[in-house]
Every structure is written in structure tokens, then in C-alpha cells.
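Worksheet: one structure, shown below.
Residue numbers start from 1 in every chain, and the chains themselves are labelled A, B, ... in the order their sequence lines are given, proteins ahead of strands.
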Number of protein chains: 2
Amino acid sequence: MQTEDITDADYATLAAFRLALRQFAAFSEAAAKAVGLTPRQHQALLAIKGAARTSPGGLGVGEIARALLIRHNSAVELVDRLADAGLVRRQPDPSDGRRSLVAVTDQAERLLRGLSAAHMQELRALRPRLLALLDVL
Amino acid sequence: MQTEDITDADYATLAAFRLALRQFAAFSEAAAKAVGLTPRQHQALLAIKGAARTSPGGLGVGEIARALLIRHNSAVELVDRLADAGLVRRQPDPSDGRRSLVAVTDQAERLLRGLSAAHMQELRALRPRLLALLDVL
DNA sequence: AGCATCTATGTCGTATCCCGACATAGTGGC
DNA sequence: GCCACTATGTCGGGATACGACATAGATGCT
């Protein structure tokens, strides 16, 4: 395999791509913090709502872990903090006693709506830059 | 401002976008770990090499902090760990006694070359998915 | 030249969040 | 009824970023 044909321009492109991703993450983090959420909490709420069409009753803790690419015990702690903050509710799954379905509260839904609108706008603004970077890959 | 026109499909799109970013981050993290680097260390090396055309002598600690969007003291600690691992060298800036220029070692350059080739390939594979997501924004 | 101010780097204690290992309870096949 | 598997939960430890503070050099003004 030839890993030798990496030029300074390639390094610059990769660095620029990473910078764009970090800036988006930084925007998202600031937006979340502005409404009192940690980035992970925001992403968890989004994952739950993002799966609403296929899982209207909420997601299991393990499904949240898989959506966020974290270990299940990390998801447990994350859901603990979300529940303490009144942002989600745990409900036992009537069809499987092991699972507890995690659903967002009205309060969280309001926060998420505002955050999502801001993120859509930010992503639209970011789009030309990402397209330009993807173009030179 | 109308933040009301967010649909379930929008949530799903945003969630899918975040998932794609997380999966790329997970790939990158695994690739870095496979050669003994933390994700941050990899990103720092890439930032230094990515700026090689404009700063051939290396980057200052503060410039690394700005490239990585972290505080300068976090960058100090990161460079400490990189130097301990023999991946970068600190050299005093001859034209400014306050600055210390951070340059990658040959060893780090070899690691970064392999990592960058793998990342270019991964990004090319990821491109159609990102383009599809950007298309529905 | 002297002094105030700003910039760059570095130090230290703290906080957050994830993880591995382990534990408990429910499910489903046989 | 038993056993393997799955889902959730608990606990201690570790990595890394941050805020506050400290030091040294640069810069500009008089």
C-alpha cells in the first residue's frame, strides 16, 4: 500500500476539515450550554427525537448508547442526569420488563426545538465550506 | 422568529448528521489509538503539518490552541505529552523569546502519513453520505 | 532609558465524563 | 425449570479540559 503520496496540500485539507468539524461542535456546544444543556445531553435528546418516527414511545438506554457510540453504562449516567434535570422520563417498557423507555419531556422538547432551528441554520451556513472541502478530497 | 417549523424529519436529519460525525470521529479515534496516539495528539500533529506551508518551522503553543479550539493551557499540557512521547520537539523562536515553536519529529511524521492516508480514504467513502445529508438541509 | 501594558508560555487544583468490571433482573429456547 | 443471553444499573478509576494564577519577553510611549 502506498501511503507516501500524501502532500502538504492533503495535510492542509484534512486539517481544514477537522477545523470545520470542531467549529461546528463548538457552535453546538455553545448553543446547548446557552440553554443549560451539556453537548451530550443535547445529542441524547436529539437522538430520541430523531428516532421518533420509528420509536414513538422513546428509546431504550442501550439504543441511546448505540446512537451516541458510547458504552451502555455511560448512557445510564447520561439518562440519570437528564432525568434529574427534568428533561426525560423513564417508563418501563410494557412488553419487556428489562427495558426502560426514555422519552423527552415537554420542557426538553421546547429546548430542542430552538436548538434544532439554530443548528439547521448553522449547517446551511456551513454547507458551502463543507462542499468545497469534500470536492478536493 | 419561527422555531416552530421543525419537523420529525428535520430531527431525523440532524440526528443522522450527528451520527455520521460521531462515526467519523470513532474511526479516527480507533485509527489513532492503533498507532499509540490519543485523538487530540493526532489532531495536534495534523494541525502542525497542515500549517506547514505557511509555518514551516512549526507552530507556537498558542497557535495550536487556536487551531484545536482549546485553551492555551490545555495546549501546553497536550504538547507536554507529545514531547514526552517523542512526537514533537520544542524549539525557542529565534525572533521572539516568548514563543516556543513546536515541530513534529520524524517518528510522528511517519505515523501521521499513515493516518492521513487512511483518513483520506475514509472521507472519500463517507462523502456520498455527507452529500446526501447536506442536500436535504 | 524607564515604565506600563500586552502577549506567550507554563503551573496547579478542580470538575466532568467516559470506561472497565461487576451486579441484578427479565426473556426466551429447550 | 434451567441456562444463556440481553438490558439496565453501580462503583471506582483515569484522562483531559478548564479557571485562576504566575513568569518572562515584547512593544510602545514619554
Side-chain angles (χ1 to χ4, degrees), chain A residues 18 22-23 25-26 28-30 32-33 36-45 47-48 51 55 57-85 87-103, chain B residues 18 22-23 25-26 28-30 32-33 36-45 47-48 51 55 57-85 87-103:
Chain A
R18 298 303 279 251
R22 278 192 294 270
Q23 286 175 337
S28 181
E29 186 171 338
K33 181 176 289 184
L37 295 179
T38 67
R40 276 302 200 212
Q41 289 177 338
H42 170 214
Q43 289 175 42
L45 296 177
I48 295 169
S55 305
L59 288 185
V61 175
E63 289 171 316
I64 294 175
R66 279 187 291 275
L68 266 48
L69 302 185
I70 59 180
R71 301 288 156 194
H72 79 275
N73 48 350
S74 302
V76 168
E77 297 167 0
L78 180 55
V79 171
D80 283 345
R81 292 190 290 267
L82 282 167
D84 288 346
L87 297 164
V88 301
R89 270 188 305 271
R90 274 187 174 95
Q91 287 176 312
D93 184 337
S95 70
D96 186 339
R98 297 168 300 178
R99 300 189 36 176
S100 79
L101 292 173
V102 181
Chain B
R18 298 304 279 252
R22 278 191 294 270
Q23 286 175 336
S28 180
E29 186 171 337
K33 180 176 288 185
L37 294 178
T38 67
R40 277 303 200 209
Q41 289 177 338
H42 171 214
Q43 288 175 44
L45 295 176
I48 295 170
S55 305
L59 288 185
V61 174
E63 290 171 314
I64 293 175
R66 280 188 291 275
L68 266 49
L69 302 183
I70 58 179
R71 302 289 156 193
H72 80 274
N73 46 352
S74 303
V76 168
E77 297 164 357
L78 179 56
V79 171
D80 283 346
R81 292 188 291 268
L82 282 167
D84 287 347
L87 296 165
V88 301
R89 270 188 306 270
R90 272 187 174 96
Q91 288 174 311
D93 184 338
S95 70
D96 187 339
R98 295 169 301 179
R99 300 195 359 139
S100 80
L101 291 173
V102 180

Residues at least two apart in sequence or cross-chain that pass side chain to side chain donor-acceptor pair (under 3.5 Å) with S28(A), listed by chain then number, are H119(A), R18(B)
Residue set satisfying side chain to side chain donor-acceptor pair (under 3.5 Å) with R81(A), at least two apart, ordered chain then number -> none
Taking all non-hydrogen atoms of both residues into account, name the closest pair between [X] and [Y] and its distance.
X	Y	value
R22(A)	A67(B)	NH2-O, 3.0 Å
A75(A)	I70(A)	N-CD1, 3.8 Å
L59(A)	A47(A)	CD1-O, 3.7 Å

Hey, does the side chain of E63(A) reach the backbone of G60(A) with a donor-acceptor pair shorter than 3.5 angstrom? yes
Return yes if some donor-acceptor pair links the side-chain N/O of S55(B) with the main-chain N/O of G58(B) below 3.5 Å, else return no. no
### Query
Would you say R71(B) has more than 12 foreign heavy atoms packed within less than 6.0 Å of its CZ?
no
[atom1] of [X] versus [atom2] of [N]: gap in Å, rounded?
X	N	atom1	atom2	result
L101(B)	dA8(C)	CG	P	12 Å
R22(B)	dC18(C)	CZ	P	11 Å
Q91(B)	dT9(C)	CD	C1'	16 Å
R71(A)	dC11(D)	CZ	C1'	18 Å
E29(A)	dA17(D)	CD	P	12 Å
I64(A)	dG9(D)	CD1	C1'	14 Å
L69(B)	dT16(D)	CG	P	18 Å
R99(A)	dG28(C)	CZ	P	12 Å

Output the distance between atom [atom1] ([X]) and atom [atom2] ([Y]), rounded to the nearest 0.5 Å.
X	Y	atom1	atom2	result
L69(B)	Q43(B)	CG	CD	10.0 Å
I48(B)	I64(B)	CD1	CD1	4.0 Å
N73(A)	E77(A)	CG	CD	6.0 Å
L101(B)	R90(B)	CG	CZ	11.5 Å

List every contact pair, protein side and nucleotides 2-4 of chain D side both N or O, where the distance is under 3.5 Å.
none

Can you tell me if R40(A) touches the phosphate of dT16(C), counting only side-chain N or O atoms and a distance under 4.0 Å to OP1 or OP2? no
Double-helix bend of the helix from dA1(C)-dT30(D) to dC30(C)-dG1(D), axes at both ends from 5 pairs, round to 10°, gives 30°
Whichever of P39(A) and G62(B) has the more 5' nearest nucleotide on DNA chain C, that residue is G62(B)
So, with a heavy-atom separation below 4.0 Å from DNA chain C, the residues of residues 73-84 of chain A are N73(A), S74(A), E77(A), R81(A)
**Message:** Measuring only between side-chain heavy atoms, which start at C-beta, is V61(A) closer than 4.5 Å to L78(A)?
**Reply:** no
| query | Can you check whether L82(B) reaches V102(B) side chain to side chain, under 4.5 Å on heavy atoms? | reply | no
Result for 5'-nearest mapping on DNA chain D, choosing between T38(B) and S95(B), is T38(B)
I'd like a table of atom pairs between the protein and nucleotides 22-25 of chain D - only N or O on both sides, under 3.5 Å - with the distance next to each one.
residue: dG25(D); atom: N2; partner: R98(B); partner atom: NH1; Å: 2.9

